[in-house]
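Scroll down for the structure; my scribbles are underneath it.
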Amino acid sequence: MKVVSKLTIAIVAGVCVVLGVNAAVELHILRATDDLRVTLLWDTAITTLVIAITVGGLSILFGAWLVGRPIRRLVEHARRIGAGELGRTVEVGQHDEIGVLAVEMNQMSHRLAQAHARVVEETEARHAALAQMRHSDRLRTVGQLAAGVAHELGTPLNVVAVHAKLIRTGVTRGDEASDALRIIEQQTHRMATIIRQLLGFARRASPAKRPIDLREVARDVTSLVLPLADRAGVAIRCDDGPPIIVDADPTQLQQALANVAVDGIDAMAGGGNLHVGMSRSWQTPPADHDGPAGPHAAIEIADTGVGIAPGDLERVFEPFFTTKSVGDGTGLGLSVAYGIVREHGGWITVASELGRGTCFTVYLPLAPEIRS
Amino acid sequence: MRTKKIPRVLVAEDDREMRAIVAAALRRLGYAVTEARDGATAVDHIGSCLLHNTPDPPDVIVADIRMPALTGLSVLASVRELDLPVILITAFGDDYTHALARRLGAVTVFDKPFDIDMLCAAVELACPLPS
């Protein structure tokens, strides 16, 4: 039965009781004397009032019990759903509108629980896929490292082995043998350098960050690579401007920027210009980067060298990837720079045009206290 | 009487020391040797021999696989039609490189570090010296 019908019956019953009592009393009054009539009239009025109040109160209590109790349970249920307790059901034991509402709420709670489970499952699957991707990425890097080590060490080892054999078998003698020994010595130095660089690549200490002015780092880097630039006939121009403060390890950042600058100078064997510029801007990190969007410092290192072929562009940060001749570069410089910048919460982009030059841009988050 | 021609080996290798020891070993055996510092120089040399019909084109090629400009595999692919034996040397001695080299027609592939006598033996097998 509907709630409205139940309430109507309760009220109608109350009114009937009042009217019935009132009619009986009035009949009694008609038969009484005049004196008594006044007294009885008052009594009747008071009695009717008392009965009306009692019946009214009882009706209100009954209504409250009938409607309030299940509503409170529904409210409590809604609160629990809101707090994330999904999949629970509520029983109101009624078959009226409140009962229907409870059934609907139970269904909604059930559907929300299903949707939530689906979201959790999908998120877990996505995380697993990401972890798998990172793992394959690491494997690929290890493979590249192994291939690079094999190539870099294979050739000098071969040179050493052949010269040693030639000396042992007496094919190389006298002055030739001493030349061969000199070559063996050079080749072992070359291998030692490669191993040292490799260890530097693998065992990089975590950065000791402190707020530093990028302009100072840029000035240090330019003075560091100046002798190299002079030999190659490269002019260096470093922009000056307002201070740009970042949280960074100055030594590591200097190494990263120097590696990029050296690569630029190496690309200009016939001379050219190396431009180091700095700016501040709002940046959204690339998709494979965890950092938030925010104000960043950008250091541009642009050369007017030979440029990088489009096919090689995405490989420049791979360890041991090099287009230089054997012995000129191990192919670790840019990947070391990339690693350092990543550890500082930044990233590097590269744009290049064959025959025109290359521009590397290093992005680093601005130091928090300076952001405002 | 017509003298027997001394076979010529073209050695393409970007590492100077490596190139020098391979060339020296082959010269000691009695081969004439032309040295190329990368793949592009090697292919240029072969092209120029064909174009000018020079009297001493290479009879065998020994090439490193990883070289700037043109790799040893590209050199191999470029001379495929010429029926020139090509011996490759590589530090990337993985199965894929070996299979690719064989499919392109390489005589053999040596993994660095290799025994120089084995390389010389392979050259002698591909193009014997006149007795």
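Letters go in sequence order (proteins before strands), and every chain restarts at 1.
Looking only at heavy-atom pairs under 4.5 Å with chain A, the residue among B/I89, B/D117, B/D111, B/T90 that has the most is B/D117.
Contacts between A/V160 and chain B at a heavy-atom distance below 4.5 Å are absent for every atom of the residue. Using a 4.5 Å cut-off between heavy atoms, B/D115 touches chain A through its side chain atoms alone.
Annotation for B/R8: atom CZ counts as buried by contact number, over 12 foreign heavy atoms lying within 6.0 Å.
At a threshold of 4.5 Å between non-hydrogen side-chain atoms, the residues B/R28 and A/L166 count as touching. With contacts defined as side-chain heavy-atom distances shorter than 4.5 Å, the pair A/L153/B/K112 does not qualify.
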Open item on the list: Could you walk me through whether B/D15 and A/R190 satisfy the side chain to side chain contact (heavy atoms under 4.5 Å, CB included) test, starting with their C-alpha distance in whole Å, then the side-chain angles of each, then the deciding distance to 0.1 Å, before giving a yes or no?
Closed with: CA-CA 12 Å; B/D15 188 277; A/R190 178 174 155 193; 2.7 Å; yes
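The distance from atom OG1 of A/T155 to atom CD of B/E13, rounded to the nearest 0.5 Å, is 6.0 Å. With values rounded to the nearest 0.5 angstrom, A/L157 atom CG is found 12.0 Å from B/F114 atom CZ. Rounding to the nearest 0.5 Å gives a distance of 8.0 Å between CZ of B/R16 and CD1 of A/I183.
Here the closest heavy-atom approach between residue A/V159 and residue B/I21 is recorded as CA-CD1, 3.6 Å.
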